[in-house]
Every structure is written in structure tokens, then in C-alpha cells.
Protein chains: 2
Amino acid sequence: MMTTATPRPGGRSARVQQAVHQAVRSLLAENDGDRTALSVPLVADRAGVNSSTIYRRWGDLPRLLAAVASNQMLPEQVEDTGSLRGDMEAWFVPYVEEFSSPLGRQVLRDMLADGAVTRDYFQSMQGHVEEIRRLAGLRGERAPATSEIVDAVVAPVIYRILFNHESAAALEVQGRIERLLGERSKGPAET
Amino acid sequence: MMTTATPRPGGRSARVQQAVHQAVRSLLAENDGDRTALSVPLVADRAGVNSSTIYRRWGDLPRLLAAVASNQMLPEQVEDTGSLRGDMEAWFVPYVEEFSSPLGRQVLRDMLADGAVTRDYFQSMQGHVEEIRRLAGLRGERAPATSEIVDAVVAPVIYRILFNHESAAALEVQGRIERLLGERSKGPAET
DNA sequence: CCTCTTAATGCACAGATTGTGCGTTTGGAT
DNA sequence: ATCCAAACGCACAATCTGTGCATTAAGAGG
């Protein structure tokens, strides 16, 4: 159930982690994602723990922010809506809604600062895509390859959020999904 | 094309900037891109300037790193190789070679930490793509829309470098270019 | 060539942060 | 009930951060 790799997931350790994560989130929200307004002592104070705890557990403020970010950005679950297109929209649209906001972008940047965390996150995203494909397969639908879905939908959207600050509306997630899925049988795609 | 917004580009100011940039680059190279090994006083000392100069000009170590990164990653120029496909390869392959290395990834991450710098960089990339399309137009070749090129080639490659640490070979840049240009059914409707 | 103006830099320094040694507490196991 | 190792709090030296003030240098105009 718990994805905690810590040796003692149920005790004080978990409480401290939760308090620290919550402290980071609230401080970031208060300062509109401006991480110059954050410091280890500040977070520690807000969380009611000692600074040394943060240094030992996370080593670094950027790494703490990355950990919080990746934790915050993984709530979406794959659900069976009855069609491949529906599943993809139900899964990815909420992501984009959250990431494309100014604060969501900041959170995304925080995560990207840590290469290892970012890679784990990518694996998790890919796992979601594969689960969606599996569901489609059980239904008898033919789904594009995972790498195709990533290249055609996920990558352009995330790239444009990161590099060009595009809004959720401008990103046309549903149109991208439709174009990808319609390439085999359908004719022109209407917006 | 340097974005010289400084009022006095030819004098001491320029020398200081060059020295500081060079100091950052050499320190990053010596420590394999580990930015925990860097600090403002360290960079200042290496560059032979005072710490206060760095704080005033760049405000912050992350912002300095972002500035150095974006400056370091824009040397490629569009050249006319005689074909759209050749131009795109000549322009983008060297980029990928540099970005996909471990140190290149770090530099990319440093740039991404600064939203404004990253956006300017995106504009510059897009400008290169448009220049390539212009050359193709002069030749009478039909080129995909800029957004299509970005979505089909640039975004997936950069995304996979950032999130999955893929190597230049695994990214198959030439294959992506070829697949994009080989699609004749699509019409260049967007700008 | 000389003076003037102002942006950019150096210097000094108070305040804040970083990171570690050491003793104490906590929670699971025997 | 007792033990034990991991996690934590405390204290503190070293370092870093960021700003007021004096100084320097580049370019303009006489």
C-alpha cells in the first residue's frame, strides 16, 4: 500500500516527512513558487522539526523540493472509462491542468532539478501509459505503442509548458489525443 | 546573436561577464556538473571579481547558472546545406549531441531553473526553425509548420533527454526528421 | 586632451544559512 | 520488559548571503 521505502514507515519518521512536505507546500503556495523565499531553517521551523533533520534526510533544499514535487504530482490514477480515448483524457488532462498553472510549472522545475527523481517520475508516467494500453487491449482496442503516445502527446505538452509557458487551453490536449488515435481510420480531425 | 542589453557592452562590464561565465564553466566541468560544489564566493574568486558583483548582476547563483547555460547552448547557426532535411540535421544533431551528455543534461537543468531564460531560449530555437523553413521556401520545398517540427522532433528529443537520460544514439534524431518529412498527407496550415 | 557623469565594481560587515559531532529519544524486535 | 538501531534535537564553527558606502572606469561633450 504505502510506497515508503523507509525502514520504519509507521512511526515518527513518517510524521516528520509529512510535516516537512506540508511545510514546503504551504510556503511555496504563500510565495507563489518563489524558492528564494524558502530556506531550510524556515521549512524546519514551519514543520516543527530541527534543521539538521532536513539536512540528514534530504541533504539539500533543492533535493527536498524535488522530492516534494514528485510526491505532489503523482495523485492521478488510471481509470477505466470504457474507451482508450476516454482513459487517456481522464488521465492526462488533469495533469496538464495542474502543470500548466504558474505554480505547477514551478513545481515541475523543482522536480527537474533532481535527475534521479525526474527519471523515476518518467518511469511512473510510462507505467500509467502502459496500464492504459493494457486496458485497451482487454477491450480489444488497438493502441499505439507507448513510445508513440509519449512522443505525440506527453512530450510536446510538457515541453511547451516548460519552455513556452503555454496554458492548458493552448495546448489542446484532447486534439493531440484525437489526432494520434485517428491516424489509422479517421479522416480530417476537427478541432 | 548575443542579447546585449547592457548599456556598455565593450568595456569592463563585458570582461567581467566573460570571466564569470568562464569561471562557472570551468568549475562545473571540474566537478562534473555538481552544483553543490559551487558557490558565489568560489566563482567570484576564480573569476577574479568580488562576490558583490555577482550578486548585483545576476542576483542569485541559480540565475547565474541559467544565464551561463543559455549562453553556452546557443552556438549553432542555421546553414544552407541544399535541402530541408540536410538543414534540419545539420542544425539539430549537434544540439542533441551536446545536450544528451551527462554534463549537457546538467547544463540544460540549470537553464530550466530560470523560467524567463528558458522562454527566451525557446524563442531562439523557434527562430532557428523558422529560418530553416524560410530557406526551404526559397528553394521551393514544402516544409511542415513550425509547431509541427517542434512537436515531432524537438519536443520528444528534449523531453526524453531530460526525463529519461536517453543517449544521442537512442534518440534517433535522423529517423524522427525523416518520418516527419516523409508524411505527405498533412498540409501546412498552421504558422 | 581634459572634465564630467554615471553605471559598475570593490570593500567591509551584519545577519542568515550550512552542515556536522554528540547526546537523546523513538519505535520495532527479542 | 528490555534491548538496539535509526532518527532526531541541540549546539556551534565555518561559510555564505546580501547591502550600504567609497572608488573606479567607460563613454559623452566641450
Side-chain angles (χ1 to χ4, degrees), chain A residues 1-24 26-28 30-31 33-68 71 110 113-114 116, chain B residues 2-24 26-28 30-68 71 110 113-114 116:
Chain A
M1 297 293 204
M2 302 286 234
T3 54
T4 46
T6 55
R8 294 177 179 178
R12 181 168 64 162
S13 211
R15 282 201 307 278
V16 166
Q17 165 161 344
Q18 172 133 1
V20 169
H21 278 216
Q22 179 56 37
V24 168
S26 64
L27 284 171
L28 276 181
E30 287 170 19
N31 297 310
D34 179 20
R35 81 196 104 283
T36 64
L38 292 197
S39 72
V40 172
L42 201 68
V43 172
D45 194 56
R46 173 71 66 101
V49 303
N50 196 272
S51 292
S52 62
T53 297
I54 292 180
Y55 284 114
R56 279 188 226 283
R57 293 257 302 238
W58 288 277
D60 218 287
L61 185 57
R63 263 182 298 183
L64 168 60
L65 293 181
V68 173
N71 196 278
D110 287 337
D114 190 318
Chain B
M2 304 293 246
T3 54
T4 49
T6 56
R8 295 175 180 177
R12 182 169 62 159
S13 210
R15 281 200 307 277
V16 168
Q17 165 160 345
Q18 172 137 0
V20 170
H21 278 217
Q22 179 55 37
V24 168
S26 63
L27 283 171
L28 276 180
E30 285 170 21
N31 298 316
D32 265 350
D34 178 21
R35 82 199 102 282
T36 65
L38 292 196
S39 71
V40 171
L42 201 67
V43 172
D45 195 56
R46 173 71 64 100
V49 302
N50 196 273
S51 291
S52 61
T53 296
I54 292 179
Y55 283 114
R56 278 188 227 284
R57 293 256 303 238
W58 288 278
D60 218 287
L61 185 58
R63 264 182 296 184
L64 168 59
L65 294 181
V68 172
N71 197 277
D110 287 338
D114 189 319

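Labels below follow one simple rule: chain letters A, B, ... track the order of the sequence lines, proteins then strands, and each chain is numbered from 1. Just so you know, these numbers use all the heavy atoms, side chains as well, and skip hydrogens, waters and symmetry mates.
In this structure, A:H21 NE2 and A:L65 CG are separated by 10.0 Å, a value rounded to the nearest 0.5 Å.
Remark: B:N50 is in phosphate contact with C:dC11, judged by side-chain N or O atoms under 4.0 Å from OP1 or OP2. Close to C:dT9, at under 4.0 Å from its OP1 or OP2, lies no side-chain N or O of B:S52. The shortest distance between the side-chain N/O atoms of B:R57 and the OP1/OP2 oxygens of C:dA8 is not below 4.0 Å. Using a 4.0 Å cut-off, some side-chain N or O of A:R15 falls inside it from OP1 or OP2 of C:dG27. Put simply, B:T53 has a side-chain N or O that comes within less than 4.0 Å of OP1 or OP2 on C:dG10. Within the 4.0 Å cut-off from OP1 or OP2 of C:dA7, not a single side-chain nitrogen or oxygen of B:R56 is found.
Here D:dC8 presents its C1' atom at 12 Å from CH2 of A:W58, a figure rounded to the nearest Å. Per the geometry, OH belonging to B:Y55 stands 13 Å off P belonging to C:dT17, to the nearest Å. Taking atom CG on B:L38 and atom P on D:dC16, their separation rounds to 11 Å, with Å as the unit. In this entry the distance linking CZ of A:R35 with P of C:dT17 reads 17 Å, nearest Å. Taking atom CD1 of residue A:I54 and atom P of nucleotide C:dG19, one finds them 12 Å apart after rounding to whole Å.
Heavy-atom minimum distance, B:A19 versus B:A47: O-CB, 3.6 Å.
Comparing D:dC16, C:dT9, C:dT18 against the side chain of A:P41 picks out C:dT18 as the nearest. Among D:dC8, C:dT9, C:dT18, the nucleotide with an atom closest to any side-chain atom of A:V40 is C:dT18. Distances were taken from every side-chain heavy atom of B:S13 (C-beta onward) to each of C:dT17, D:dT19, C:dT9; the shortest belongs to C:dT9.
Distance alone, capped at 3.5 Å, places no donor-acceptor pair between the B:D32 side chain and the B:D34 backbone.
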